[in-house]
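Below, chains carry the letters A, B, ... as their sequence lines are ordered, and counting in each starts from 1. Heavy atoms only: backbone and side chains are in, while hydrogens, waters and symmetry mates are out.
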Protein chains: 2
Amino acid sequence: MVKMRDVAKLANVSVATVSRVLHNPETVKEATRNKVLSVIDEVNYKPNMLARQFRRNETNIILVVVPSIINTVFSGIIEGIEYEAASHGYRVLLGNTNRKVENEYNLVDLLKKRQTDGMILLSERMDPNYIKSLSEEYPLVLATAYIEGLKVPSVSIDNVSSSREAVEHLISLGHREIAHITGPLQFAISKGRYSGYRQALMQNNIEVRNMLVQEGDFTFESGYNQMLKLMAIEKTPTAIFAANDEMAMGAVKAAKELGLDVPKDIAVVGFDNITFSSKFDPAITTVAQPLFEMGQKSMKLLLQQIQGKPILKSQYILECELLVRDSCGGKIKEKVMNEEIST
Amino acid sequence: MVKMRDVAKLANVSVATVSRVLHNPETVKEATRNKVLSVIDEVNYKPNMLARQFRRNETNIILVVVPSIINTVFSGIIEGIEYEAASHGYRVLLGNTNRKVENEYNLVDLLKKRQTDGMILLSERMDPNYIKSLSEEYPLVLATAYIEGLKVPSVSIDNVSSSREAVEHLISLGHREIAHITGPLQFAISKGRYSGYRQALMQNNIEVRNMLVQEGDFTFESGYNQMLKLMAIEKTPTAIFAANDEMAMGAVKAAKELGLDVPKDIAVVGFDNITFSSKFDPAITTVAQPLFEMGQKSMKLLLQQIQGKPILKSQYILECELLVRDSCGGKIKEKVMNEEIST
DNA sequence: CTGAAAGCGCTAACAC
DNA sequence: GTGTTAGCGCTTTCAG
């Protein structure tokens, strides 16, 4: 392994000069610099980053804590983080928690042991106060989860208003009996989406019927099961708002098995815009989160902290977009109307 | 930041002893060890990993080079890698290439600069000879791509025989006019799957009609487009073998739009068993790769190299499984038969 | 069983 | 502009 000392010797300069050529080339006379550079090239010198990192006490690595990367919501955000990180010379270390909070606590050790310069949490399982105290000591950004009242730099969406918009769309299509399949209600995002649902109904003077709200767990299967349950009650809903796309798809499957047509007999709306929601049959109407941008923004916020720049605004809420597709009938209605006109 | 020196002082021992307690506790007298441990606990000492890594010239980080993590094939493998890595005290650094070969070459620098202890390639874009030479100098494993004749440790599946099995299943269902939508034919996996298709036909004395082979690019849209093309030719196929699930789903969409029923009018088989193939309507018959195991095995192979253990066998080919679901009609036929019997 | 001490390769303050 | 040099915190050899 050729090291800086060797380069220095061959170029007849000191190691300090070699180091300067690498970091502050303008402070070295051109002739010297060229000489050094040519030697570096000649012997194919690669600086030992471990030594540099040790000396400077920085790794240029950031940790991303994620429940599972197979979920395209998370991998979408990670792509944004990766992109922004790479363009600033940072690398992404993946911390998969498999949805276990103890793994999250373990990963924090990487920060404390200085193995990463900062951390982005795509999960909200740890104690908020602990997160808060961590944030005071280390660069940290919370993505996807906005913890009310917690002054930790975060990037999120507004689950409440986005859901409200989705449900209002269903109402505008004439639906009054709208059911909601929620996520696990211990999570803030599930609560937020549930609140949006309630707000939309109340704003439109529609009674919130308890029977029409069923708790799922974000899986396809739970969507399927809760849908069967919803269609078994006396006064069945004409529309379903599921707290994520997987459950929406599960609900569609159940509807089909019950001989119902989606959207003609029952409208379905999801949340997340995962990759396959547009490819599902029918294509799922859903709320699209700006995943890539969320990742980018999170990384930018983290960089500001790492570089010790003042953070003017620490909480960012990015806008979602309601994508009206076939599963809610919004589009089909338009088509029908157009056809009627043209007839 | 409390450091080893501080612990040593408080425990009235030397730094060497503290270090021993951490790495070879059995070489320290129990009383001394307990004293040191209690001080470590008391002052909440966390070793500076950067210093340790520098000193030992190892990072306990491995690099995974991946074209895009949004694809569940890759994220599935990564989960396996992550799992195995974590259980041996290693961490996974993510190198997203966005399908650009220059990013791959850049990432190799991390290895050369000793920022990672090894590398797993989930991509096959670099020059094989370069990969070979890298492999001679650094711990490296090739996953998903098996480069014929290249003696680089690798974990892969047998694309040829797996495809052959899938197509033979279609033949066993009575199909003779079977089309194939390939992946980009510059990739070894696409070629392999194409070969399997040809072999199955030839083995069964079925003519390989050129018109029935169309090149896609692994996207849903290409599956859709190639399907439309295939159904426009004179003697249309009765079954489609797509080189991956996304294209198979695109083909199903096209078939539906043409008013065809899948599988009654046309059978479709895919490859990969991505998360949504079982949730698609109809559920896609596909070849399941053991993704998690591939990741695990790759990591194990890499560890062997890092630890300098002799590698008895360097090329592993894991077995795939044909999952017969609704899209090929295999299951439905059985159902119908049972009903006929019971009637 | 324990301590002293020599570095690992690089950076940066200081001196010239 | 360039060289000298003192560490960064830890591991490990060698001596006792």
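- Going from atom CD of B/Glu26 over to atom P of C/dC1 covers 10 Å, rounded to whole Å.
- Side-chain atoms of A/Arg56 lie closest to C/dT11 of the nucleotides C/dT2, D/dT11, C/dT11.
- Considering B/Ile40, B/Val39, B/Asn34 in turn, B/Ile40 is the only one that fulfils the side-chain contact (heavy atoms from CB on, under 4.5 Å) rule with B/Val36.
- Counting to the nearest Å, the C1' atom of D/dG9 and the NZ atom of A/Lys112 are 20 Å from each other.
- Side-chain contact check for A/Ser154 and A/Gln315: at least one donor-acceptor pair (N or O, by modelled atom type) lies under 3.5 Å.
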Q. A/Met299 and A/Glu82: side-chain contact (heavy atoms from CB on, under 4.5 Å), yes or no, with the steps?
A. CA-CA 8 Å; A/Met299 187 64 211; A/Glu82 231 271 348; over 6 Å; no

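- Inter-residue side-chain proximity for B/Gln289 and B/Asp272 is flagged as met; some heavy-atom pair is nearer than 4.5 Å.
- When each of D/dT2, C/dG9, D/dC10 is scored by its nearest atom to the side-chain atoms of A/Arg55, the top-ranked nucleotide is C/dG9.
- Ring centers of A/Tyr130 and A/Tyr105: under 6.0 Å apart, within the cut-off.
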(Q) Run A/Lys132 and A/Glu136 through salt bridge (Lys or Arg N to Asp or Glu O under 4.0 Å) and show every step you take. (A) CA-CA 7 Å; A/Lys132 171 85 180 132; A/Glu136 278 156 8; 3.6 Å; yes

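- Between the NZ atom of B/Lys113 and the P atom of C/dC8 there is a distance of 22 Å, rounded to whole Å.
- With rounding to whole Å, B/Lys3 atom NZ is found 14 Å from D/dT11 atom P.
- Using a 5.5 Å limit on the distance between ring centres and a 30° limit on the angle between planes, the aromatic ring of A/Phe54 counts as stacked on the six-membered base ring of D/dC8.
- The local environment of CD in A/Glu319 is sparse, with at most 12 non-hydrogen atoms from other residues, nucleotides or ligands closer than 6.0 Å.
- Non-hydrogen atoms lying under 4.0 Å from DNA chain C are contributed by B/Asn12, B/Val13, B/Ser14, B/Ala16, B/Thr17, all within residues 5-19 of chain B.
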Side-chain donor-acceptor pairs of residues 60-79 of chain B under 3.5 Å, sequence neighbours excluded:
| residue | atom | partner | partner atom | Å |
| --- | --- | --- | --- | --- |
| B/Asn60 | ND2 | B/Gly89 | O | 3.3 |
| B/Ser68 | OG | A/Glu79 | OE2 | 3.1 |
| B/Ser68 | OG | B/Ile70 | N | 3.3 |
| B/Asn71 | OD1 | B/Val73 | N | 2.7 |
| B/Ser75 | OG | B/Asn71 | O | 3.3 |
| B/Glu79 | OE2 | A/Ser68 | OG | 3.1 |
| B/Glu79 | OE2 | A/Ile69 | N | 3.3 |
| B/Glu79 | OE2 | A/Asn96 | ND2 | 3.1 |

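- Atom CG in B/Asn57 sits about 8 Å away from atom P in C/dG9, given to the nearest Å.
- The side chain of A/Thr32 contributes an N or O atom lying less than 4.0 Å from OP1 or OP2 of D/dT2.
- Between B/Glu58 atom CD and D/dC10 atom P there is a gap of 15 Å when expressed in whole angstrom units.
- The interatomic distance linking A/Asn24 (CG) with C/dC10 (C1') rounds to 14 Å, in whole Å.
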Q.
Run B/Leu50 and A/Thr59 through side-chain contact (heavy atoms from CB on, under 4.5 Å) and show every step you take.
A. CA-CA 8 Å; B/Leu50 290 181; A/Thr59 60; 3.4 Å; yes

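- By the salt bridge (charged side-chain N to carboxylate O under 4.0 Å, His left out) test, A/Lys9 pairs with no residue at all, sequence neighbours left out.
- Contacts of residues 41-53 of chain A with DNA chain C (heavy atom under 4.0 Å): A/Tyr45, A/Pro47, A/Asn48, A/Ala51, A/Arg52.
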So which protein N/O to nucleotides 14-16 of chain D N/O distances come out below 3.5 Å?
none

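- Between the two ends of the helix from C/dC1-D/dG16 to C/dC16-D/dG1, each summarised by a five-pair axis, the helix axis turns through 30° (rounded to 10 degrees).
- For the side-chain contact (heavy atoms from CB on, under 4.5 Å) criterion with B/Ser298, the lone passing option out of B/Leu142, B/Leu122, B/Val141, B/Leu303 is B/Val141.
- Counting heavy atoms of neighbouring residues, nucleotides and ligands inside a 6.0 Å radius, atom OH of B/Tyr83 does not exceed 12 of them.
- Looking at B/Glu293, B/Lys297, B/Lys300 one by one, the single match for side-chain contact (heavy atoms from CB on, under 4.5 Å) with B/Glu84 turns out to be B/Lys300.
- For A/Met4 and D/dT5, the CE to C1' distance is 15 Å, given to the nearest whole Å.
- In this structure, the side chains of A/Asp109 and A/Gln115 stay at 4.5 Å or more apart for every pair of heavy atoms.
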